[in-house]
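Structure, as structure tokens:
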Amino acid sequence: MTSELVVDVQPKEVSIALLEDKSLVELQSEGRNISFSVGNMYLGRIKKLMPGLNACFVDVGYEKDAFLHYLDLGPQFNSLEKFVKQTLSDKKKLNSISKATLLPDLDKDGTVSNTLKVGQEVVVQIVKEPISTKGPRLTSEISFAGRYLVLIPFNDKVSVSQKIKSSEERARLKQLLMSIKPKNFGVIVRTVAEGKRVAELDGELRVLIKHWEDAMVKVQKATKYPTLIYEETSRAVGLLRDLFNPSFENIHVNDEAVYNEIKDYVTLIAPDRANIVKLYKGQLPIYDNFGITKQIKSSFGKTISYKSGAYLIIEHTEALHVVDVNSGNRTKNANGQEGNALEVNLGAADELARQLRLRDMGGIIVVDFIDMNEAENRQKLYERMCANMQKDRARHNILPLSKFGLMQITRQRVRPAMDVNTTETCPTCFGKGTIKSSILFTDTLESKIDYLVNKLKVKKFSLHVHPYVAAYINQGLVSLKRKWQMKYGFGIKVIPSQKLAFLQYVFYDTHGEEIDMKEETIPPPIRKV
């Protein structure tokens, strides 16, 4: 299996697509102005105590206060709180964590009222982004994640990933980290650290310790609350950190700044693989060039077709996600109804595992498969689903088929489920149902170009239109595009874009910023005689 990462950087958002064997399996999108992300750390202030929930609400700068439960304070909260108070009081000298004396662990049966008070400053980390009407979920058991290691201040233990099966390797890694880590720092060794040399692990450990020291410097200099003291890496680099493996063939980026950021990170963690990061300079939108736009259009929405006419229906509710499997217009299987049901269900298991990752669906998922009479076939389906979900990084649990033919899946929800609207509002009539003659569409475009060039004095720009319209504009030796260029200058580029509707158009300047030339035409009023 080969993997490719395609990063589409737009003025308002960054979108990242992960392809496995050219098939889209993960899609993440984030606004460039959004400051909240899982892993960010804040020096926040307690806003309200909730003794009934044994929790509190913390102001971290979001419109809804973040939620912090007593059990999420972490065993080392007393040590962290003491260290933060010392750091805030001493503005000249930064205390060393290695010289600090660890206090006893927090009582598991304690109460938030006896531990915290309103107005108190606390260091917290976001573990779950705001979803729906809820604010972020916080923890005070802070950690710094790297590719090979996770650093946990005020914890003196070394833990090794359970996925590393070799007892000799587990013992080697544990002994190695115990010898190089500073006092009062705990370390979790991740699966990808298996077989790594001392220099690689020591280098990353130093980077993570530097993150902690930089965060404490920001705490020391804090003059207002809340204050962001540590910002998680960008979405592109964060995804790379968790996913990067030798099967990555290419990482394509269409923005030079993000390209340099990713290139530097790959050079740091895998110097011999730095050449897989490539800057995309094509005229076509990057998602169109790699066939991603078409996959997005066909993979989201209520009905998802897969092989041989079968399809899934996916419904989202407040409490859970419901998936129905339908055989559609399939031809009859030679093995009869049972064989046909098994084939459709196995295909559905493959597509569903992809959909869960693609949409980042979390919580409870209930799947209504086609009924099968034989226990052996039901077991085959369960095993196929489990095998498909092994590639999923989110924590999940799958139950065998119930007697009603339902499969229940729980999947970790950290971010809101990805929901892409695949329906298109008519850009010409604005949903009113009547448009002017489509043959005059190119005349409208020419009038917009004339206004841009002669009135606004914009000489260089690109016009993005539907591929069918672009083909019409570019056809022939004396094409419309050539006529426009002869009349208005050769700074005009016509780019086909698959994400646009049939009579939709967008103008962009040379910096990639949209030039708003859209207008809703208002018909003249009807006069009564």
Side-chain angles (χ1 to χ4, degrees), residues 4-19 24 27-35 37 233-240 250-265 277-297 420-421 424 427 444-467 469-471 473-474 481 484-485 488-519:
E4 287 183 294
L5 202 66
V6 182
V7 184
D8 181 19
V9 182
Q10 296 297 330
K12 293 183 179 178
E13 69 172 13
V14 178
S15 181
I16 300 165
L18 174 64
L19 304 177
L24 179 66
L27 180 68
Q28 296 194 20
S29 181
E30 184 180 85
R32 301 190 77 171
N33 59 341
I34 294 176
S35 59
S37 177
T233 53
S234 68
R235 180 64 59 90
V237 173
L239 191 66
L240 260 181
N250 297 297
I251 301 171
H252 299 280
V253 192
N254 65 345
D255 181 86
E256 192 166 357
V258 178
Y259 161 78
N260 290 329
E261 186 181 342
I262 293 176
K263 181 101 173 177
D264 291 345
Y265 181 74
V277 186
K278 297 171 183 175
L279 181 62
Y280 176 76
K281 296 182 178 179
Q283 286 193 349
L284 277 177
I286 189 169
Y287 274 9
D288 289 11
N289 186 70
F290 292 99
I292 296 170
T293 305
K294 189 174 181 181
Q295 290 193 58
I296 292 174
K297 294 280 187 182
V420 176
N421 187 9
E424 298 170 347
T444 302
L445 292 179
E446 184 171 356
S447 69
K448 301 287 184 185
I449 292 171
D450 179 60
Y451 184 79
L452 265 176
V453 174
N454 296 321
K455 297 287 186 184
L456 301 181
K457 305 300 181 185
V458 179
K459 302 297 183 183
K460 290 186 177 182
F461 55 87
S462 59
L463 169 61
H464 288 230
V465 289
H466 189 277
V469 178
I473 292 172
N474 291 320
K481 176 185 173 184
W484 291 347
Q485 287 178 334
Y488 301 106
F490 285 88
I492 301 172
K493 292 181 181 178
V494 179
I495 310 294
S497 177
Q498 295 176 8
K499 70 179 181 181
L500 296 180
F502 183 52
L503 295 182
Q504 192 175 359
Y505 60 90
V506 185
F507 287 92
Y508 291 98
D509 62 18
T510 52
H511 302 293
E513 297 284 345
E514 182 180 343
I515 307 171
D516 190 359
M517 298 293 290
K518 294 186 280 292
E519 57 180 322

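If you read the sequence from its start, that first residue is 1, and numbering goes on from there.
Going from atom CD1 of I292 over to atom CD of E4 covers 8.5 Å, rounded to the nearest 0.5 Å. Rounded to the nearest 0.5 Å, atoms NE2 (H252) and CG (L279) are 11.0 Å apart. Atoms CD1 and OH, from I515 and Y451 in turn, are 12.0 Å apart once rounded to the nearest 0.5 Å. I286 contributes atom CD1, which lies 10.0 Å from atom OG of S15 (distance to the nearest 0.5 angstrom). Rounding to the nearest 0.5 angstrom, the gap separating the OH atom in Y505 from the OG atom in S497 is 15.0 Å. The CG atom of N250 sits 7.5 Å away from atom CZ of F290, with the distance rounded to the nearest 0.5 Å.
Under the side chain to side chain contact (heavy atoms under 4.5 Å, CB included) rule, Y287 has a single partner from L24, N254, L27, which is L27.
Looking only at side-chain heavy atoms (C-beta outward), E514 and V506 come within less than 4.5 Å of each other. Between D8 and V14 the shortest side-chain heavy-atom distance does not fall below 4.5 Å. Using a 4.5 Å heavy-atom threshold, the side chains of I495 and P285 count as touching. Counting heavy atoms from C-beta on, the side chains of K448 and F507 come closer than 4.5 Å.
Of all heavy-atom pairs between V6 and L19, the closest is CG2-CD1, 4.3 Å. Here the closest non-hydrogen pair linking Q498 and K294 is OE1-N, 3.7 Å.
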| What do the steps show when you test V253 against K278 for side-chain contact (heavy atoms from CB on, under 4.5 Å), and what is the final call? | CA-CA 6 Å; V253 192; K278 297 171 183 175; over 6 Å; no

| Step by step, would you call W484 with L445 a side-chain contact (heavy atoms from CB on, under 4.5 Å)? | CA-CA 10 Å; W484 291 347; L445 292 179; 4.0 Å; yes

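Within a 6.0 Å sphere centred on NZ of K481, heavy atoms belonging to other residues, nucleotides or ligands number more than 12.
The closest donor-acceptor contact from the side chain of E261 to the backbone of V258 lies at 3.5 Å or more, if one exists at all. For the pair Q485 (side chain) and I492 (backbone), a donor-acceptor distance under 3.5 Å is present. Although no hydrogens or angles enter the test, the distance criterion places a donor-acceptor pair under 3.5 Å between the side chain of N260 and the main chain of E256. Proximity of a side-chain donor or acceptor of D255 to a complementary backbone N or O of V9 within less than 3.5 Å is not detected.
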Can I get a per-line list of side-chain donor-acceptor pairs under 3.5 Å for residues 452-466, giving both atom names and the distance, sequence neighbours left out?
residue	atom	partner	partner atom	Å
N454	ND2	D450	OD1	2.4
K457	NZ	N454	O	3.2
H466	ND1	Y468	N	3.1

